[in-house]
Amino acid sequence: MDRVFVCSCFGITEQQVKQHAESGACTPRQIASACKAGTDCGSCVRRIQALLGRGAAPRDGVAARPAPTAARLDEAA
């Protein structure tokens, strides 16, 4: 049996996340409440989102901001 770890901080596998999802946990926060995955370093949260079919959400709005263009960089100078 292959174990694919999603959360190495707490040793939570992909299969365990899927089992919690089948039991009704449908958000990363609910998964965290069920097994602590995503509550330590947070590096697994995007993988948990993907397993839940939610995609990866932008963190702190960074991805939502447009990238600077050459024109904007010239204006700032």
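Just so you know, these numbers come straight off a predicted model, no measurement behind them.
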(message) Nearest 0.5 angstrom please: Q19 CD to E14 CD, how far?
(response) 11.5 Å

(request) Check V6 against T13 and note the closest heavy-atom contact, atom names and distance. (result) CG2-C, 3.9 Å

Less than 3.5 Å apart, which donor and acceptor atoms pair up between the side chains of residues 27-34 and the rest of the protein, not counting sequence neighbours?
residue, atom, partner, partner atom, Å
T27, OG1, Q30, N, 3.1
Q30, OE1, C26, N, 2.6
Q30, OE1, T27, N, 3.3
S33, OG, R29, O, 3.2

(request) Could you tell me the separation between the NZ atom of K18 and the NE2 atom of H20, rounded to the nearest 0.5 Å? (result) 13.5 Å

(request) Could you grab the distance from atom SG of C35 to atom CD of Q16, nearest 0.5 Å is fine? (result) 7.0 Å

(request) Please report the closest heavy-atom contact between A37 and C44, naming both atoms and the distance. (result) C-SG, 4.2 Å

(request) Look at the side-chain heavy atoms of Ile, Leu, Val, Met, Phe, Trp and Tyr, link any pair under 4.5 Å apart, and say whether L52 and V45 land in one connected group. (result) no

(request) State yes or no: do F10 and F5 share one hydrophobic cluster built from I, L, V, M, F, W and Y residues joined by side-chain heavy-atom distances below 4.5 Å, directly or via other members? (result) no

